[in-house]
S.K.: 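Before anything else, here's the structure in question.
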Amino acid sequence: MRISVLYTGGTIGMVETPQGLAPGADLQGWLTDLLAGTDLAGQVVVTTMEPLVDSSNVTPLLWQRIVDQIRRDDESDGFVVLHGTDTMAYTSAALSYALTDLDRPVVVTGSQLPLGTPNSDADANVMGALEAASSGRLHSVAVFFYHELLDGARVTKASSYDLRAFTSPNVTLLARQSPTWQWLRTPQSGQGWGESGSGRPAPYRRCDVPVFSMVPGMGTDRLTSMLRPLPQAVLLRAFGVGNVPTEEPGLITVLERTIAAGVPVVVASQCYQADVDPNRYAAGRELAEVGAVGARDMTVEAAYAKICFLISQGLRGGELARWIGVNIAGELTS
Ligand code: ASP
């Protein structure tokens with residue numbers, strides 16, 4: 001058994017500096033001590049992805065570097081990605097789309113408190129992630145955090161301070177470690193990439209996709225200026241099941257013109273738990289009628305990473321909009 005740990009940065013390996021928390025801990029030494037005397041001792045190799053980053057600085061280019069590092073490594077039976085929590089849900093979704101054909105586990109984790117600090121969750125999270133990756137029961141991308149294993153394309157960061165930082169609002173847990181493992185169901189899966197479902201995706205590229213929330217009283221002029229210059233796609237966080245202020249003069253027309261210009265508008269929700277269906281209310285139906293497409297029960301993170309994935313595959317306009325409803329990696333309920 002060989003598990004490869006890819007260390008990208010995040011609080012887990014940070015130390016106090018005069019500028020605030022920044023990477024600097026001896027992660028390799030800590031991991032060696034943590035594994036001493038366990039079944040995993042001597043079976044884990046660490047690759048540090050330089051430069052280590054606070055995950056606020058992650059871009060789709062780092063998603064791709066992680067994908068490349070995993071694909072290059074034929075020798076490892078599984079992977080653990082150590083990542084900051086702030087954008088972990090975006091990265092785990094992005095890895096899910098890009099690695100549907102991998103058939104080896106990729107478990108993403110990190111911690112709320114730096115390793116070695118009082119009450120740190122680093123030991124438990126990393127041990128749990130390594131155990132999940134070496135269990136033989138997982139073959140896809142998942143997140144392990146606070147004793148819970150969650151589908152990689154379904155998670156959201158739910159707390160900036162609670163040790164239970166991640167949840168998957170629209171699906172149940174995959175497994176719980178409390179303290180022995182309880183495997184609760186098989187991972188969510190999708191059809192994979194390409195019409196055949198077995199396509200090898202093109203690399204992630206940076207994409208220009210604004211994500212914005214509708215708010216009560218939002219004016220058409222503000223919306224118009226947010227869409228200039230025209231982006232590649234828009235992720236709109238509407239109210240509830242996908243409703244917007246349809247009585248605001250010109251607002252729907254702006255979105256209609258945007259879609260007509262070849263820019264897909266994907267409608268997600270501001271609700272923590274949601275299944276978007278813009279056709280349900282009159283205040284959403286106009287959106288659907290002008291061609292906006294609902295994100296169904298995808299999290300905002302999964303929807304954003306999916307749009308970047310599809311843009312990186314060269315899809316635009318209506319073709320991209322059609323793929324939003326296709327379950328590629330278990331990101332939505334079929
Ligand atoms: N700012 C940190 C990061 O995302 C937060 C964390 O890791 O918990 O890199």
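What you see below is based on every heavy atom in this structure, not just the backbone, and it leaves out hydrogens, waters and symmetry mates. Numbers for residues simply follow the sequence, beginning at 1. Whatever order the structure lists them in is the order used to number ligands and atoms, beginning at 1.
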S.K.: Heavy-atom distances under 4.0 Å are what count here, so tell me which part of A165 touches ligand 1: side chain, backbone, both or neither.
M.R.: neither

S.K.: Just distances here: any N/O of T85 and N/O of ligand 1 closer than 3.5 Å?
M.R.: yes

S.K.: Please list the nearest protein heavy atom to atom 9 (O) of ligand 1 with its residue and the distance rounded to 0.1 Å.
M.R.: S55 N, 2.7 Å

S.K.: Just by distance, with hydrogens left out, do D101 and W193 show a side-chain donor and acceptor under 3.5 Å apart?
M.R.: no

S.K.: Looking at CD of E286 and CG of L251, how far apart are the two atoms once the value is rounded to the nearest 0.5 Å?
M.R.: 9.5 Å

S.K.: Can you find an N or O of T11 that's nearer than 3.5 Å to an N or O of ligand 1?
M.R.: yes

S.K.: Does a donor on one side chain sit under 3.5 Å from an acceptor on the other, for S168 and D151?
M.R.: no

S.K.: Could you say whether the N/O atoms of H83 and ligand 1 ever approach to under 3.5 Å?
M.R.: no

S.K.: Looking only at side-chain N and O atoms, does S334 offer a donor or acceptor that is under 3.5 Å from a partner on R296?
M.R.: no

S.K.: Begin with the C-alpha distance, continue with both residues' side-chain angles, and end with the deciding distance and a verdict on salt bridge (charged side-chain N to carboxylate O under 4.0 Å, His left out) for K157 and E301.
M.R.: CA-CA 9 Å; K157 182 171 177 179; E301 294 91 331; over 6 Å; no

S.K.: If the cut-off is 4.0 Å to any non-hydrogen atom of G10, which atoms of ligand 1 fall inside it?
M.R.: 7 (O), 9 (O)

S.K.: Less than 3.5 Å between some nitrogen or oxygen of K157 and one of ligand 1, yes or no?
M.R.: no

S.K.: For the CG atom of D54 and the OG1 atom of T85, what is their distance to the nearest 0.5 Å?
M.R.: 8.5 Å

